[in-house]
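Here is the structure we will look at, set down as structure tokens.
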Amino acid sequence: MSGGTLAALVGLVVVAALLGWLRWRRPVWYWLGFGWLATLVRLTGSFRSVMEACGLTEHPSRSRVWLAAAMDRVPERAVPKLRGLKITRSGLELRIKLLPGQEVLDFDAATERLRHSWRMHGVHVKALKPGYLIVRLIAYDVLRRVQMPRTVESEPLRVPVALRADGAVHVRDFRASPHELVIGATESGKSVYLRGLIKGLAAQRVALVGIDCKWGVELAPFARRLSALAYTPEDAGALLDVLVEEMTRRYELIRASQGLDPDLPMESLTSDVWGLPEDIRPVPLVLIVDEVAELFLIVSKADEKKRDHMVTQLVRLAQLGRAAAIYLEICGQRFGSELGSGATALRAQLSGRVAHRVNDEASAKMALGDISLRAVSAATAIAAERRGTAVIGLVTGGWARIRSPFVSLDEAAAACAKHEGLTPDIPSLEAFRPHRPAPAEIPVQATQNA
């Protein structure tokens, strides 16, 4: 072997090793630099054969049948038209024109076959407009190492909290989905999801209210940004009563502005606080319940009446809170009908659903069963080492996998301290405003030598 051949061979080995390292450690760089070209060649060269193999073709039109008969040929089956292609950070987006008689579900049922045919990590289908759909081909596991985009549009009551498996950013939108249920077992990433949400809300003009019946260990670090915090079920019951009264006052404010004056323009009528003038509009309020199961538990028969009243108040807030700009974020390790009366009624009002890894299938069914049985299976299949991974119900319909970026407790607490000045003053909640006592001195007991 000559020296030039050996050098060329060594160079090829080095290049292959570098590409392999990039593909594993920097999949975005690999995809944008090299991967897209190989995938594009594979896709364009095999599009027709893959459509035929996946059963996504249709009978040819009559004109094609007549033309083939005139030329003494066998007419080919019609193939969906590829009308556009876009290279993205995580893969490719195909714009496909459907054939007559086809629907989006035909492509959705073939996603696994398309994924293997084109050697992609994932395939996601979305309807675009009648007759057209978008097929997203994901080149690598975007949830293995979550990297949120550097610039994400931030709007009031909209917080980017996670990355979806199709590469899109999942935004918690309180206006579109007022109330949300978040479940997850211990070490599933539920707390990280909650920290990211609180960190994003801390920078907005919104009142944060917490109920943490685990003696405040989860929400107390954010006390400087909280307008109210309850540590025990007894305090939680009193706080819920005050919140219902606050909601009633907001409804009375809306009613007072609803066209009682005959000279009031019709366009000034409103049925929620967002239609009120800004100078009298109440500040939005987000109630975060960290462990909802603690509110349902009772020790004795005498506690049942208190529990029922507390749950009733929580259900009332869920039913009527949206128009009063009061939103609920209900979190728990489990959530099922076994919690008692009121659990199913509360769940029915929580339109947003986030299910991290759970220990029982009943909790997954309670959260996602009315969305999709495939979503329930996906939630129960989350691996223990994939903390932060969850299955969500989409506002637009369907479901998706997401994973939250890691947010440390210190990082979220620092954001709350930084934006402490944004904490609104709500007189009715002053009695529940968390105080920040000076750190207590830890007594040190001196030991004596024997």
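Residue numbers start at 1 and run along the sequence shown. Heavy atoms only: backbone and side chains are in, while hydrogens, waters and symmetry mates are out.
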So does [Y] get a backbone contact from the side chain of [X], meaning a donor-acceptor N/O pair under 3.5 Å?
X      : Y      : result
Arg357 : Thr186 : yes
Arg164 : His170 : no
Thr39  : Trp36  : no
Arg347 : Ala367 : no
Ser177 : Asp173 : no
Gln204 : Glu155 : yes
Arg83  : Lys97  : no
Ser363 : Asn359 : no
His356 : Ser188 : no
Arg281 : Leu276 : yes

What pair of heavy atoms forms the shortest contact from [X] to [Y], and how long is it?
X      : Y      : result
Val142 : Ala165 : CG2-O, 3.5 Å
Phe406 : Val192 : CA-CG1, 3.9 Å
Pro80  : Gln102 : CG-OE1, 3.7 Å
Leu201 : Val159 : CD2-CG2, 3.8 Å
Leu239 : Gly210 : CD2-O, 3.9 Å
Arg433 : Ser227 : CD-O, 3.4 Å

Take atom [atom1] of [X] as the centre, draw a 6.0 Å sphere, and report whether it contains more than 12 heavy atoms from other residues, nucleotides or ligands.
X      : atom1 : result
Lys214 : NZ    : yes
Leu373 : CG    : no
Arg89  : CZ    : no
Arg322 : CZ    : no

task = State whether Tyr30 and Arg26 meet the cation-pi test: NZ (Lys) or CZ (Arg) under 6.0 Å from the six-membered ring centroid, and within 45° of the perpendicular axis.
result =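 Not satisfied by the 6.0 Å and 45° rule.
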ask   = Would Arg175 count as a cation-pi partner of Trp274, with NZ or CZ less than 6.0 Å from the six-membered ring centre and within 45° of the ring normal?
value =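 Cation-pi check for Arg175 and Trp274: passes.
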Got [X] and [Y] here, is their nearest side-chain heavy-atom distance under 4.5 Å?
X      : Y      : answer
Val206 : Tyr327 : no
Phe222 : Leu194 : no
Leu287 : Leu314 : yes
Arg334 : Ile183 : no
Leu163 : Met148 : yes
Asp290 : Cys213 : no
Glu180 : Leu350 : no
Arg158 : Phe174 : no

To the nearest 0.5 angstrom, please state how far the [atom1] atom of [X] sits from the [atom2] atom of [Y].
X      : Y      : atom1 : atom2 : answer
Leu208 : Leu219 : CG    : CG    : 10.0 Å
Leu285 : Met247 : CG    : CE    : 11.5 Å
Thr423 : Leu429 : OG1   : CG    : 12.0 Å
Met51  : Ser117 : CE    : OG    : 8.0 Å
Leu229 : Ile211 : CG    : CD1   : 9.0 Å
Leu56  : Asp106 : CG    : CG    : 7.0 Å

message = Working note: Leu92 + Trp118, criterion side-chain contact (heavy atoms from CB on, under 4.5 Å); need CA distance, chi angles, decisive distance, verdict.
response = CA-CA 11 Å; Leu92 297 175; Trp118 287 325; over 6 Å; no
task = Run the numbers on Arg250 and Ile326 for side-chain contact (heavy atoms from CB on, under 4.5 Å), then give the verdict.
result = CA-CA 10 Å; Arg250 296 189 177 195; Ile326 296 178; 4.0 Å; yes
key: salt bridge (charged side-chain N to carboxylate O under 4.0 Å, His left out) partners for Arg249, two or more places apart   = Glu246
task = Not counting sequence neighbours, list each pair that qualifies as a salt bridge (charged side-chain N to carboxylate O under 4.0 Å, His left out) and has a residue in residues 123-143.
result =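 Output for this query lists Glu93-Arg136, Arg136-Asp166, Asp141-Arg386.
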inquiry  = Evaluate Ile96 against Phe107 for side-chain contact (heavy atoms from CB on, under 4.5 Å), listing each step before the verdict.
reply    = CA-CA 10 Å; Ile96 295 179; Phe107 282 78; 4.2 Å; yes
key: CA sep, side-chain torsions, deciding dist, call: Lys199, Glu411, salt bridge (charged side-chain N to carboxylate O under 4.0 Å, His left out)   = CA-CA 8 Å; Lys199 178 184 175 183; Glu411 185 179 352; 2.4 Å; yes
query = Below 4.0 angstrom, N of the basic side chain to O of the carboxylate: do Arg225 and Glu420 qualify?
reply =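 No, this pair does not count.
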inquiry  = So, applying side chain to side chain contact (heavy atoms under 4.5 Å, CB included) with Arg353, which one of Asp370, Ile392, Val182 is it?
reply    =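 Answer after filtering Asp370, Ile392, Val182: Asp370.
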request  = Could you tell me whether the side chains of His124 and Asp108 share a donor-acceptor contact shorter than 3.5 Å?
outcome  =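 The answer is no; no qualifying pair exists.
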task = Could you please spell out the steps behind the side-chain contact (heavy atoms from CB on, under 4.5 Å) verdict for Trp399 and Leu394?
result = CA-CA 5 Å; Trp399 59 278; Leu394 299 175; 5.6 Å; no
